[in-house]
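Please read all numbers here as calculations on a predicted model, not as lab measurements.
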Amino acid sequence: MPRVRRVSPLSSLFRAGAVPSSGPRPDTSADAHGPKEAAGGRRWDVAAAGAALLLFAAMAALGAWLQRDSPVLRSPFPPLEAWWRPHAGPGTPLAVTVAVLVVAYGPALAERLPWRALLGVSWAAAMAWTWSLALVDGWHRGIAGRLRETGEYLTQLHRFDDLGPALRTYTDHILIDSPRHWTTHIAGHPAGAVLTFVGLDRIGLGGGVWAAAFVMTTGTSLVVAALVTLRLLTGERGARAAAPFLVLAPGAVWVGVSADGYFAAVAAWSLALLAVAATRTSTVARAAAGFGGGLLFGAACYLSYGLVLLAVPAAVVLLCARTARPVPYALAGAAVVVAAFTAAGFDWWQAYGLLRIRYYQGYGGVRPYGYWFFGDIAAVAAAAGLASAAGLRRVAAALPGRVRTRLRGDRAATAAVLLPVGFVLAMLVADLTGMSKAETERIWLPFSLWLPAGAAFLPRRDDRAWLAAQALAALLLNHLLLTGW
């Protein structure tokens, strides 16, 4: 039988001229629309990537200049929390090998593997990439000791031996001048964050190695959650095109191992379940998935205060699916989490109010907003990679066309454009608040790790070049700098 070509739902966006001619993955080649037009689109892609690189270099140079006499930015290598320390380690050959394999075979496998196999292979590849990058810093520094360092969660687990009183008095120890104040990360997060590691310890998985393995295993599952969401909202072809880029994200440097990688995965699965609920016709399936998504959204908010901004991409998911039916079920799921923590004695609002005070008692009170507003964006550019910048350029080019049609027409094409916008908006809101001055390469992982999916808009023949750029960025960051996480 002759092989039937399946046309991407994104191809309507391409044919409508809403994006440049070498846009999102139609079956026809970009070159069919004329070499000048295709080449022009590719030049703008490179220009967008160059602008992201220039922003990072400019903020690094400005940071070094501002700190030539004193550490006014309170960061060793702004805009990243890192130290200039070229090094290699046991993970170096592993990371290079994974990068070469994904660049060489990733696009073809993403196109040909059965869908379920693609999900499993993508998760395995993401774990291999993240573990190998972590091992560049060595076993102890990169993995076993990371979550046992000063300020981290594992250093004060003994104070949760009696769980009830610890939760009821949690807010008594947030301020820096309070008796027996919490370490930086326990004070800076809701109780759900530290309770995760308390739970691991109580089931016999205590210590730095188990904590790191848990964070990297859960954190890399974000790739699967993102692929599920993309397939439901933008179509399978777009999701397959995004898979290698999600795997090879430079942000994996901070997934291995900061707890924010784990937070990112919880947030991602919340969105995935919401997408399932929004696209199911069965009331039972919609209710179950919606409740589960709300449950994980509530859990995410008790892992990190900033994840209340997950409401922005969640609203975009519903907008893309053009339904609000899952909302009551999601609210019910979130309410269960709120009720459980409140009944246990932890007051989220009171804790957040005290955290704001503590934030300005420490580095947050002296780090200049003017520098870090742009420095935070530069840090995200490092975590998302150059392919993300090129993909966002095409999203920006397509957005006016979607707005002019009032988001009508091809739902998949609309979702492909709007999803990245939702994550960018969430980060911009966080940036404007001034509560995330520095360290956003890890803090904003729940949003920035989705941006490489925008590379699905780039011409297929450029896949390997953009994947190589992603891999090279991660390898340079991890080998030239000793990151704080």
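At most 12 non-hydrogen atoms from other residues, nucleotides or ligands lie less than 6.0 angstrom from CZ of F374. More than 12 heavy atoms of other residues, nucleotides or ligands sit less than 6.0 Å from atom CZ of F373. Counting non-hydrogen atoms of neighbouring residues, nucleotides and ligands closer than 6.0 angstrom, the CZ atom of R325 reaches no more than 12 such neighbours.
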Derivation of the side-chain contact (heavy atoms from CB on, under 4.5 Å) call for L109 and L118: CA-CA 8 Å; L109 287 175; L118 175 62; 5.9 Å; no
Check against side-chain contact (heavy atoms from CB on, under 4.5 Å), L445 and S258: CA-CA 10 Å; L445 284 175; S258 70; 4.1 Å; yes
Evaluation steps, salt bridge (charged side-chain N to carboxylate O under 4.0 Å, His left out), between D45 and R393: CA-CA 7 Å; D45 295 339; R393 197 278 301 178; 2.5 Å; yes
Full working for side-chain contact (heavy atoms from CB on, under 4.5 Å) between V194 and H185: CA-CA 9 Å; V194 68; H185 281 185; over 6 Å; no
Worked verdict on V224 versus W269 for side-chain contact (heavy atoms from CB on, under 4.5 Å): CA-CA 9 Å; V224 180; W269 282 107; 3.8 Å; yes
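The CG atom of L476 lies 9.0 Å from the CG atom of L481; values are rounded to the nearest 0.5 Å. From E441, atom CD reaches atom CG of L80 across 5.0 Å, with rounding to the nearest 0.5 Å. We find the OG-CH2 distance between S388 and W450 to be 13.5 Å, quoted to the nearest 0.5 Å. We find the CG-CH2 distance between L309 and W444 to be 9.5 Å, quoted to the nearest 0.5 Å. In this structure, the separation between CG on L94 and CG on L133 is 10.0 Å, given to the nearest 0.5 Å. We find the CG-CG distance between L399 and L418 to be 6.5 Å, quoted to the nearest 0.5 Å.
S270 places no side-chain N or O within donor-acceptor distance of the main-chain N or O of V266, the cut-off being under 3.5 Å. Counting only distance, with no hydrogens or angles, the side chain of K437 and the backbone of W372 share no donor-acceptor pair below 3.5 Å. Of the possible donor and acceptor atoms, one in the side chain of T220 sits under 3.5 Å from a partner among the backbone N and O of T217. For T440 (side chain) and D376 (main-chain N/O), a donor-acceptor pair under 3.5 Å exists by modelled atom type.
Taking each heavy atom of L232 and A275 in turn, the nearest pair found is CD1-C, 3.8 Å. What you find for S122 and V247 is that their closest heavy atoms are O-CG2, 3.6 Å. Minimum interatomic distance between V276 and A289 (heavy atoms only, all atoms of both residues): CG1-CB, 3.7 Å. Scanning both residues, P420 and V395, for their nearest heavy atoms gives CG-CG2, 3.9 Å. Closest heavy-atom contact between L227 and A239: CD2-O, 3.3 Å. The two residues P452 and S448 make their nearest non-hydrogen contact at CD-O, 3.4 Å.
Using bins of under 30°, 30° to 60° and over 60° for the plane-to-plane angle, the ring pair Y352/W349 lands in the perpendicular bin.
Side chains of W129 and V255 form no contact here, defined as non-hydrogen atoms less than 4.5 Å apart. Side-chain contact between D463 and P244: absent, with no pair of heavy atoms (C-beta onward) separated by less than 4.5 Å. In this structure, the side chains of P250 and Q470 come closer than 4.5 Å at one or more pairs of heavy atoms. For the pair T169 and H173, the minimum side-chain heavy-atom distance is below 4.5 Å. Residues W139 and V209 form a side-chain contact, since some pair of their non-hydrogen atoms from C-beta on lies under 4.5 Å apart. Using a 4.5 Å heavy-atom threshold, the side chains of L467 and F245 count as touching. Between W348 and F341 the shortest side-chain heavy-atom distance does not fall below 4.5 Å. When side chains are defined from C-beta on, T414 does not count as touching L319, because their heavy atoms never get closer than 4.5 Å.
With H189 as the partner, the ring-ring contact (aromatic ring centres under 6.0 Å, His included) test is satisfied by one option alone out of Y305, Y170, F263: F263. Residue P165 is tested with D161, L167, D162 for a side chain to side chain contact (heavy atoms under 4.5 Å, CB included); the sole match is D162.
Counting only N and O atoms by type, the side chains of S221 and W123 include no donor and acceptor under 3.5 Å apart.
Stacking of R358 on the aromatic ring of W182 is not recorded, the 6.0 Å distance cut-off and the 45° axial limit not both being met. A cation-pi arrangement is present between R442 and W485, with the terminal nitrogen or guanidinium carbon under 6.0 Å from the aromatic centre and inside a 45° cone about the axis.
Salt bridge E111/R240: absent, no basic N to carboxylate O contact under 4.0 Å.
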